[in-house]
Protein chains: 2
Amino acid sequence: MSRPPRTRPTLEEVAALAGVGRGTASRVINGGEKVSERARQAVENAISELGYVPNAAARALVTRRTDAVALVIAESEERVFGEPFFAGIIRGIGSALGEVDRQLVLLLAQASQRRGGLDHYLTRQHVDGVLLLSLHADDELPGLIRAHGLPVVVGGRAHEGIRTNYVDVDNVQGARLAVAHLVERGRQRIATIGGPADMAAGSSRFEGYVAALAAAGRELDERLVELGDFSQESGADAMRALLEREPSLDGVFCANDLMAVGALGALRAAGRRVPEDVSVVGFEDAPIATSTHPPLTTVHQSPEQMGREMVALLLETMAAPEQDRPGRMLPTRLVVRASS
Amino acid sequence: MSRPPRTRPTLEEVAALAGVGRGTASRVINGGEKVSERARQAVENAISELGYVPNAAARALVTRRTDAVALVIAESEERVFGEPFFAGIIRGIGSALGEVDRQLVLLLAQASQRRGGLDHYLTRQHVDGVLLLSLHADDELPGLIRAHGLPVVVGGRAHEGIRTNYVDVDNVQGARLAVAHLVERGRQRIATIGGPADMAAGSSRFEGYVAALAAAGRELDERLVELGDFSQESGADAMRALLEREPSLDGVFCANDLMAVGALGALRAAGRRVPEDVSVVGFEDAPIATSTHPPLTTVHQSPEQMGREMVALLLETMAAPEQDRPGRMLPTRLVVRASS
DNA sequence: GACGCTTATGGGAGCGTTCCCACTGCTCAC
DNA sequence: GTGAGCAGTGGGAACGCTCCCATAAGCGTC
């Protein structure tokens, strides 16, 4: 490694030291074909002697590729970082990208006013592809980006209509798992606290709830349905409303863990024992699920795997941008704890 | 905006359309001095008509600045993303960087084997500066990066010896606040569940505990001290050990909220009422602090502000790299809830 | 020994900027 | 009327790399 020279060494200097031409040195660095063993050795020695590191800008200028991928988080800040789900996705994305030597450029598209600059930035001039984390149905960002001709993959569908270039958890299947479990436990009056109807995570989980009931030969009872906004508070509110309207309920499927935590609190406050009187199942398997009282039975999803899948899909799309690719659904599994 | 041309427009084309030279166009874009109003208008019109976006690679090649800052997260993955504290820092960093048009390149330095590539990447060839999130005392990364001549700012000191280029929460002051509060509540036997002694967050908070006791005219009693590793489980273990050894304790200061949650559980299991029999205070004001039973009194720190400070300090350092800058301490405040 | 073919090599051109210098008109003072 | 000074401008050179083409070297074949 020797002492670092005043100015970073260039490829030309490496070539000179190795006693070869610039072209040959370049070939060695880029997994080169057609290079003699002798030349390869000489170049590699020169590289490590000088501590040479290729200049990304110069390379990008000629290849017209930046080897960088943007992760645009267009969710309200509190939500994104409050939810460990997003953190897991980022982790998956980060490591998957690292493995293929791509850089992860993180863009927080927080305030809507910053959207302008964002749009401006998302060009081939800056990144080769975009990963988008946003669950809002009305978001025009995917369209905007695609209009730039940039490959995009969305994590979590905004709504059910989307058919391509997304990776999502199989919410319907997960919800069926949860509700089937409640049925199996002998629960007769199974309620649900759903998420917002305009988010796929909300509507799909509700869809799974209905499907599982149907599979058990039961009909949907509107009186057993209450919607929340995925917050703990809304879960508690919904639970109270359900208890008041339908005191005989003995099972609740919550569309996420946070709402389940709220429901648990409301049940306790109402004097219902969990799981003796009422079984509660959540969705997400967030860390908090293990520390509730009692620990929460929930549907496990792997955010990290989701991140990795997003990267895989994006790399495919970047390799052949012309065609659209079908979305990918990730399986879930039930984790049974003490709340059911 | 018109339909996007087959190939992205270059500065030359903008200049041609505006009827000026390349130099003048460049001057307009870079907040240029010495440009006539007429020329400026012409260039700006041409830019928006062509939808021109400067090519970052070409610019970086000549300016030798990339306008990108790396955020290296050298913590074990579970910890970083499990803790909302880190998420908050990232949010602060992201928005502060966005405001000055710098890109945030996220590097997860997870497995130690990837360290080699990381070191290679962290060069002026790729980023202008580095933000480092790591709390391990033995980490050689800061030194390595600085050896490259790259400006670095560390978030959270690895150990107390570090004097420059860091931003950290004032742990000592926060712990004093917490313990003084317990004293004020009339608690006589105040125990502490500390963090690992080899992390500043652990040792400083313990230091604050000792200082607050001294300020109240009390002596440190080793029997009231137990250390954990910041996990919920370790908090529960420590609490059990303390109760067994010193059943008369009536107050506990936990070095973080997660351990406090564990302690709360152990206290309940032991039949102690909180706060009637024992007051509990945490540190961090994590989201979970509001949903414990009872809600947790804790020391609030602002991770977002910490992120912003890190960016501010890094920008200063980048502007004048030669001199070292003293570290910055962020104040904390006590949030009183029902556990004390 | 000349020819063709393959393999390996050197280096020119060009990627899209910024930097800088030379140049043009002016205005103003003497 | 001349010269100095200045605002405004155009364009050459350079940044460090990859691409590609021309060429050299090696070798088997007729």
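Within every chain, numbering begins at 1; the chains are lettered A, B, ... in the order of the sequence lines, protein sequences first and strands thereafter.
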Return a single string for nucleotides 21-26 of chain C, one symbol per nucleotide in 5' to 3' order, where B is base contact, S is sugar-phosphate-only contact and - is none, cutoff 4.0 angstrom on heavy atoms.
------
Closest to side chain of A:Ser36, choosing from D:dC17, C:dG16, C:dT9:
C:dT9
Go through it in stages, so that I can follow the logic: the residues are B:Leu107 and A:Gln103, the test is side-chain contact (heavy atoms from CB on, under 4.5 Å), and I'd like the CA-CA distance, side-chain angles, deciding distance and then a yes or no.
CA-CA 8 Å; B:Leu107 262 28; A:Gln103 297 319 314; 3.3 Å; yes
Which pair of heavy atoms, one from B:Val20 and one from B:Ala39, lies closest together, and at what distance?
CG1-CB, 4.4 Å
Checking A:Val105 against A:Thr66 for the side-chain contact (heavy atoms from CB on, under 4.5 Å) test, could you report, in this order, the C-alpha distance in whole Å, the side-chain angles of both residues, the deciding distance, and whether it holds?
CA-CA 11 Å; A:Val105 178; A:Thr66 61; over 6 Å; no
May I have the distance from A:Glu37 (atom CD) to C:dA8 (atom C1'), rounded to whole angstrom?
13 Å
B:Leu61 CG - C:dC15 P separation (whole Å):
14 Å
Minimum heavy-atom separation for B:His126 and B:Ala68, please, with both atom names.
O-CB, 4.2 Å
Counting only side-chain N and O atoms of B:Lys34, is one of them less than 4.0 Å from OP1 or OP2 of D:dA7?
yes
When you measure from the side-chain N and O atoms of A:Asn55 to the phosphate of D:dC15, is any distance below 4.0 Å, counting only OP1 and OP2?
no
For atom CD of A:Gln41 and atom C1' of C:dA8, their distance in whole Å
17 Å
Side chain of B:Glu12 - closest among C:dT9, C:dT17, D:dG16:
C:dT17
Would you kindly give the CZ-to-P distance between A:Arg65 and C:dC15, to the nearest whole Å?
19 Å
Can a side chain N or O of B:Ser26 be found less than 4.0 Å away from OP1 or OP2 on C:dC19?
no
When you measure from the side chain of A:Thr63, which nucleotide among C:dC19, D:dT18, C:dC15 comes out closest?
D:dT18
Set out, in order, the CA-CA distance, both residues' side-chain angles and the distance that settles side-chain contact (heavy atoms from CB on, under 4.5 Å) for B:Arg102 and B:Met318, then state yes or no.
CA-CA 12 Å; B:Arg102 264 10 181 254; B:Met318 281 168 22; 3.6 Å; yes
Separation of D:dC15 atom C1' from B:Arg124 atom CZ, nearest Å, is 17 Å
Identify, between B:Val20 and A:Ala57, the residue whose nearest nucleotide on DNA chain D lies closer to the 5' end.
B:Val20
When rounded to whole Å, the CD1 to P distance for the pair A:Ile29 and C:dT9 reads 15 Å
Sort out for me which residue in B:Val154, B:Leu132, B:Leu131 forms a side chain to side chain contact (heavy atoms under 4.5 Å, CB included) with B:Met310.
B:Leu131
Run the side-chain contact (heavy atoms from CB on, under 4.5 Å) test on B:Arg146 and B:Asn165 for me, step by step, so that the C-alpha distance in whole Å, both residues' side-chain angles and the decisive distance to 0.1 Å come before the verdict.
CA-CA 11 Å; B:Arg146 221 165 269 143; B:Asn165 301 302; 4.0 Å; yes
With the side chain defined as heavy atoms from C-beta on, B:Ala39 is closest, among C:dG10, C:dG16, D:dT9, to D:dT9
Rounded to whole angstrom units, what separation is found between the CG atom of B:Leu11 and the C1' atom of C:dC19?
13 Å
d(A:Phe86 CZ, A:Met306 CE) to nearest 0.5 Å is 8.0 Å
With a cut-off of less than 4.0 Å, is there a side-chain N or O of A:Arg22 near OP1 or OP2 of C:dG11?
no
On the nucleotide D:dG16, are OP1 or OP2 found under 4.0 Å from the side-chain N or O atoms that B:Arg64 carries?
yes
Nearest to side-chain heavy atoms of A:Thr24, which nucleotide of C:dG10, D:dT9, C:dT18
C:dG10
Tell me: CZ of A:Arg40 to C1' of C:dA8, nearest whole Å?
12 Å
